[in-house]
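The structure appears below as structure tokens.
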Amino acid sequence: MIKLLNRPLKVFTLYALVILACSIPVYYFIAEYIWLSELDEHNRTVSGQLKESLLSQSPTDSLLEQNIAFWNKLQPVSDLKFVPTVKPDSIYTSLRKNKYIDEEEEKDRFRGLVSYVSIRDKNLQVTVESNVEETHETIIAITIITILFFILLFTGFVFLNRRISAGLWKPFYNTLDTVKAFELNKQEEVQFSQTNIIEFAELNASLEKLISKDIAVFREQKEFTENASHELQTPLAIIQSKLDLLMQSELSSEQSRLIEDTEKALGRISRINRNLLLLAKIGNNQFASTETIDLNALIEEQAGMLSDHLFTKKIILERDPEEVVEVNANRILVESMISNLLTNSIRHTASDGQIFIKLSSQSLMVINSGTTPLEKEKMFKRFSSLSSGVQGTGLGLSIVQQICRRYSWEVTYEFENGHHQFTVVF
Amino acid sequence: MKILIIEDEKALAESMATYLSAEQYFCEFAETFDDAMYKAETFHYDCILLDLMLPGGDGMKILEALKADNKEDGVIIISAKGALEDKIRGLQIGADDYLSKPFHLPELAARIHSLIRRKSFGNNNLFRQNELTIDLLAKTVTVNDAKVVLTKKEYELLLYFISNKNRVVSKTALAEHLSGDVAGILDNYDFLYAHIKNLKKKLTEAGADNYLKTIYGTGYKWQS
């Protein structure tokens, strides 16, 4: 994943790199062309001047030969010699060692002009040479300069990109932060910051519409759950009452068994329905009133209510009620949370097992002995932990989680050294 | 004893009346708000079972009217909403008890029994059955004038049985009475069997007849 603005940056940089790389040979050929034509011109000038001087300064053949010898001695770069025939002018380039610049091991490049002149039936070949910059040196110089410009260009791109990113995209990041902070559960409409950029304003408007629609649908759905649960209570009550009446008649053992099974299933539906109703109500932000609750006392009370079940399963419950721990919350909800955690741990502890409750001002831990770890991801989901034959509602831990969410507490599960460990961090 | 059942669900109202009639309660019905208001204000009942959601009005208003008239009728709210706010408000206005749907009929009978007993202090706080006497005020049990010491739960069970005498009470109803939803969730009734066994044993050892019969597959029945 890359940032949006880095993508054009990458493309632009690559494009600049290609163009600049292509420019290297172009620059080279242009420079070389200018160089050589300039030198050829220079050579032609020198050669012309030489010929002219020779003609004017050499009235006799002996003086001409003397001048030529003298010139050849003084100017080794050029060369004058007699040849039998006159040929058209020619240009050459040669590489050889330059004895005047001895620090250089390499050969130097020379550009020469060979021309001819006839002086009194004698044909003279005039060669004039100039030193030319070597090809590779030109290329290296151009390349270095190109690279420097590329670096300049790249840093410029990065810098400009940052500036643009910070300024231009600010409204986008504002919107993003708002959307990130949005929680459907809280049922609060969102407010995006104002922007005068058309695209972002459109984005904000669409998001606002989408979110308010979501909120409405979510609210409707929650109200539906609550209403549906309400509506189910009366028919359930009717079935229960009819069963209670049916039990009063003379029954065969087969009929009794049928009634017993029916009653168990009915009990389960009623519990699930009650818990769904509770979940819906927590979700609909009911139970708003809060009070200061002494957690030790509350745990004592809840554990007392469960003492029968602890006793029958021979489970030892240990607590460390040293510290006074108080929380500010709704009593019904905290009761429900603790009762669900305790019931859950009793259910999953084998007979003769142990349950520890550790309470501190930061957290409440319910630890019970077990054999295999439970599935962390699924356990707090509604109905996910229900296996066949288990009489639970599959909603207990969802309720715990929902209550924790309400008060911004965090509930986690760990399995350590053969112990299930539920922690609520306040 | 006269009971007014304010409930718009006919099937449920009939079930309640059928179950309660075995206890020599005489039941009258009201299905609408106006009918309920008229009956509650005109006659005297030992107990009014009040559903809050009625065609034509809010049941809470009937409760308010009763209290405004200083009527002494006992009121048990029976609501499908199960909302805590309703419960608190109802009890604040002056309801005596609150039962949320769905409920076991024996639970309803026990609540009514307890309510009527509380309302008629003094003249009716002794329950007698042959050699067995229960002092409902002092919460003591005697068999042939010898005191039987019961635990809190055994005593609660005994009260539950005598308020549902001669009727079969299922073990789920009993378990829920003692420990709420937990019994069902844990699917374990061993604690109930233990309490009932102890109760039976204490009563028979003190010399009482075995009035508590086990009904195979369904539950228990207190015979008088």
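Contact of the A:Asp308 side chain with the B:His195 side chain is registered, since non-hydrogen atoms from C-beta on lie closer than 4.5 Å. For the pair A:Asp244 and B:Pro106, the minimum side-chain heavy-atom distance is below 4.5 Å. Side-chain atoms of A:Arg274 and B:Pro102, non-hydrogen and from C-beta on, do get closer than 4.5 Å to each other. The side-chain heavy atoms of B:Met16 and A:Ser241, taken from C-beta on, include no pair separated by under 4.5 Å.
Note that OG1 of B:Thr172 is 6.5 Å distant from CD of A:Gln240, once rounded to the nearest 0.5 Å. Distance check, rounded to the nearest 0.5 Å: CE of B:Met53 to OG1 of A:Thr234 gives 6.0 Å. Atom OG of B:Ser79 sits about 7.0 Å away from atom NE2 of A:His230, to the nearest 0.5 Å. The structure places NZ of B:Lys101 at 12.5 Å from CG of A:Leu232, a figure rounded to the nearest 0.5 Å. Distance check: A:Ile239 CD1 to B:Ser15 OG gives 11.0 Å after rounding to the nearest 0.5 Å.
Note on residues 215-224 of chain B: pairs passing side chain to side chain donor-acceptor pair (under 3.5 Å), not counting sequence neighbours, are B:Gln129-B:Trp222, B:Asn166-B:Ser224.
At a 4.5 Å heavy-atom cutoff, B:Tyr193 makes no contact with chain A through either its backbone or its side chain. With a threshold of 4.5 angstrom between heavy atoms, A:Leu306 approaches chain B through side-chain atoms but not through N, CA, C or O. For chain A, no part of B:Ala194 is nearby; none of its heavy atoms comes within less than 4.5 Å.
A:Glu300 pairs by the side chain to side chain donor-acceptor pair (under 3.5 Å) definition with A:Arg319, not counting sequence neighbours.
Heavy-atom pairs under 4.5 Å with chain B were tallied for A:Lys242, A:Arg257, A:Gln255, A:Lys313; the largest tally goes to A:Lys242. Note on A:Met247, A:Gln248, A:Glu263: by heavy-atom pairs under 4.5 Å with chain B, the leading option is A:Gln248.
The two residues B:Ala80 and A:Gln233 come nearest to each other via the heavy atoms O-CG, 3.2 Å.
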